[in-house]
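Chain identifiers are assigned alphabetically (A, B, ...) following the order of the sequence lines, protein sequences preceding nucleic acid strands; residue numbering begins at 1 within each chain.
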There are 2 protein chains.
Amino acid sequence: MVTLAEVAQHAGVSASTVSYVLSGKRSISANTRQRVERSIRELGYHPNAGARALASSRSNIIALMIPLRTDMYVPVMMEIAIAVATAARTHGYDVLLLTGEEGPDAVRRVAGSGLADGMILMDVELDDERLPLLRATDQPSVLIGLPADTTGLTCVDLDFRATGALCVEHLAKQGHQDIAVIGEAPAVYERHTGFAERTLDGLRSRSRELGVRLLHRPCEGGYDAMAVTLARILDERPDTSGIIVQNESAVEPLLALLRQQGRAVPEDVSVVAICPDQVATQASVRLTSVAIPAQEMGRHAVEHLVAKFEGRGSDEVVLLAPELTVRGSTGPAPTRP
Amino acid sequence: MVTLAEVAQHAGVSASTVSYVLSGKRSISANTRQRVERSIRELGYHPNAGARALASSRSNIIALMIPLRTDMYVPVMMEIAIAVATAARTHGYDVLLLTGEEGPDAVRRVAGSGLADGMILMDVELDDERLPLLRATDQPSVLIGLPADTTGLTCVDLDFRATGALCVEHLAKQGHQDIAVIGEAPAVYERHTGFAERTLDGLRSRSRELGVRLLHRPCEGGYDAMAVTLARILDERPDTSGIIVQNESAVEPLLALLRQQGRAVPEDVSVVAICPDQVATQASVRLTSVAIPAQEMGRHAVEHLVAKFEGRGSDEVVLLAPELTVRGSTGPAPTRP
DNA sequence: ATAGGTTGTCGAAGCGCTTCGATACCGAAT
DNA sequence: ATTCGGTATCGAAGCGCTTCGACAACCTAT
């Protein structure tokens with residue numbers, strides 16, 4: 001293991017000089033810099049992370065807390081995680097992966113040990129138990145998702161209220177009067193995950209404004225659950241002509257069921273999905289959808305966090321504007337007989 | 001930030017004593033231990049990770065390198081990652097998330113800086129460029145996946161050869177004579193990802209032994225690609241009665257297409273999938289499948305790595321035995337007219 | 001009673017780096 | 001010629017922890 005001191009000796013300078021070459025915090029003559037850089041290369045020197053962290057009290061690590069559950073929007077989580085890791089590297093940070101399992105303890109542990117310089121929390125619930133701690137410690141952090149009370153916090157999320165509104169608008173504009181919403185699994189609502197409730201909010205208030213009828217039903221993923229849910233919906237509102245789905249694992253079952261019942265998409269029923277683009281384009285029908293901008297969310301989160309490290313950056317809530325992409329699954333409402 | 005020294009003072013002992021209470025490396029009287037533990041609790045002490053790493057030259061961090069691509073078996077990757085993180089915690093380790101992006105450089109960086117005590121590599125290619133480096137440095141590591149040359153390496157993977165064999169056997173036993181394999185995207189084979197080729201190997205050799213006809217076709221995910229692939233297969237081998245799918249994102253499209261063509265599963269066509277259980281159980285038909293034991297792989301990898309840290313543990317290749325679960329999608333071959 | 005072992009605790013020496021004066025040198029301004 | 005400000009470098013003091021050797025204090029076997 002090559003040390004700073006060895007590099008210094010090899011280059012014929014003092015250790016501090018090498019350190020300054022590395023950090024650029026003091027000016028170094030071009031000549032010296034080159035000699036040092038050459039020695040670094042020749043010896044294959046890599047600064048020791050622990051020593052660095054100890055001396056500078058900065059670890060250059062960002063902790064990312066992802067939910068333990070693998071039952072929900074997994075690809076989105078993964079995409080965010082990868083975006084975070086990638087973005088972090090471009091700023092010189094590495095990412096520490098924490099699972100939600102430890103809950104608040106993880107926050108304490110990371111903040112207390114100086115393991116990470118700050119953290120990014122995913123899957124934030126409306127009244128998340130990690131938040132008080134986050135406010136108490138001065139641990140810089142960014143949430144992906146929106147809790148009920150955002151004071152003193154920085155949050156990044158898709159504007160799910162607007163997303164809901166956008167979906168309703170799109171269908172209403174095409175003349176649909178009876179719209180059904182197939183939501184996430186009941187557990188998601190019971191857990192009071194913010195995004196689900198906010199979407200619902202947007203859906204409801206916009207449909208009220210536009211005077212269309214809206215029926216919301218939670219739904220577990222999978223074919224069977226979807227079959228039951230769809231049957232109930234059509235039973236209760238036989239005139240349903242527009243469906244909004246916010247549950248990736250219900251998308252394909254829904255399409256299969258509609259096909260099976262002889263309901264053509266989009267001639268008889270229009271379908272709008274809230275899901276990653278990949279799901280929308282790979283489905284058996286190209287789906288009109290509002291994408292979840294996972295990459296962008298990850299990147300934003302990192303950039304806000306890094307800004308905090310550098311003293312710039314304030315507490316704020318960033319809601320990314322939803323974009324609805326029209327594909328083949330929506331069209332004008334059928335004229336009633 | 002509370003330090004060891006402060007705890008020591010508060011408890012009226014020396015710093016080293018506190019350290020030994022924490023590590024248990026020397027015996028401490030029950031009395032002293034309790035006083036120290038009490039002080040730790042009262043002061044809310046957390047050992048500083050950097051200082052610890054520096055002094056002990058152990059970071060208690062495991063680096064996990066996941067592929068950057070999000071186009072392939074994402075849920076499996078995620079499940080492995082979470083299993084790794086969870087298992088690591090039970091051994092007192094945290095997980096550092098590296099994306100494949102940096103490639104070999106990441107290996108150098110991590111090994112050189114002492115950032116992590118060891119690493120787990122996912123998505124290993126047959127002739128992976130990170131392997132020479134891994135062999136060169138004495139960085140403890142475990143691969144998830146199997147490269148061409150495993151000398152000096154520890155690997156954990158599903159036994160994909162046996163998996164392929166198992167699928168063929170199951171279908172052959174039910175009288176199927178013409179079996180089609182819907183594989184991963186062509187890019188996966190071009191990249192020489194080990195698991196895809198090994199599966200194919202197992203499929204081919206077993207079908208030769210059993211005297212059944214096998215047709216393999218790579219396939220991009222999604223409905224359209226699947227439609228084309230299926231049409232070609234049925235064109236070339238109209239008597240195909242068994243289908244083996246190894247591409248999660250082709251599963252649902254395949255089922256939809258079969259349904260659409262009036263081919264009943266399993267009466268006309270039997271389908272075996274190689275995919276996570278979740279996919280198999282949530283599909284529109286309960287699928288007979290060989291599961292990819294993501295959790296187990298992650299856990300194994302961590303345990304082997306930790307064993308290496310502790311001096312136990314040797315280089316070896318662990319191939320997990322596949323298990324085929326019979327669900328509703330396979331049955332006896334139809335009798336030919 | 002004495003040598004020899006245990007057991008429990010302490011002090012001090014680092015681990016490899018950053019960072020803060022201090023110092024030495026230079027050219028420019030007086 | 002003298003002073004000043006800037007630039008380039010060095011030395012030393014830590015950062016908070018682990019770990020080793022030393023040393024009491026005590027117990028046991030002679």
Quick one: does [X]'s side chain have a donor or acceptor within less than 3.5 Å of a partner on [Y]'s backbone?
X: B:Arg33; Y: B:Ile28; answer: yes
X: B:Ser59; Y: B:Ala53; answer: no
X: B:Glu303; Y: B:His300; answer: no

Looking at [X], I'd like to know whether one of its side-chain N or O atoms comes within less than 4.0 Å of OP1 or OP2 on [N].
X: A:Ser56; N: C:dC17; result: no
X: A:Lys25; N: C:dT18; result: no
X: B:Arg26; N: C:dT7; result: no
X: A:Ser29; N: D:dT9; result: yes
X: B:Ser14; N: C:dC10; result: yes
X: B:Thr17; N: C:dC10; result: yes
X: A:Tyr45; N: C:dC17; result: yes
X: A:Ser19; N: C:dT18; result: yes

Nearest whole angstrom, please: distance from the [atom2] of [N] to the [atom1] of [X].
X: A:Glu6; N: C:dC17; atom1: CD; atom2: C1'; result: 14 Å
X: B:Arg35; N: C:dG8; atom1: CZ; atom2: P; result: 14 Å
X: B:Ile28; N: C:dT6; atom1: CD1; atom2: C1'; result: 14 Å
X: B:Arg33; N: C:dT9; atom1: CZ; atom2: C1'; result: 13 Å
X: A:Leu22; N: C:dG16; atom1: CG; atom2: P; result: 16 Å
X: B:Leu43; N: D:dG16; atom1: CG; atom2: P; result: 15 Å
X: B:Met1; N: D:dC17; atom1: CE; atom2: C1'; result: 14 Å
X: A:Tyr20; N: C:dA22; atom1: OH; atom2: P; result: 14 Å

Checklist entry - Looking at A:Asp149 and A:Arg135, does any basic side-chain N land under 4.0 Å from a carboxylate oxygen? => result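 Looking at A:Asp149 and A:Arg135, the cut-off is met.
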Item to check | Cationic N near anionic O, under 4.0 Å, A:Arg109 to A:Glu102 | outcome: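 Yes, charged N to carboxylate O under 4.0 Å.
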Checklist entry - A:Thr32 or A:Ala55: which one's nearest nucleotide on DNA chain D is closer to the 5' end? => result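 So the residue in question is A:Thr32.
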Checklist entry - Looking for any heavy atom pair under 4.0 Å, which part of the strands does B:Thr3 touch: base, sugar-phosphate only, or nothing? => result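 Sugar-phosphate, backbone atoms only, no base.
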Checklist entry - When all nucleic acid strands are considered with a 4.0 Å heavy-atom cut-off, which category describes A:Leu54: base, sugar-phosphate, or nothing? => result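 Since a base atom lies under 4.0 Å of A:Leu54, the category is base.
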Item to check | Closest nucleotide among C:dG16, C:dG8, C:dT9 to the A:Asn48 side chain | outcome: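 The nucleotide sitting nearest to the side chain is C:dG16.
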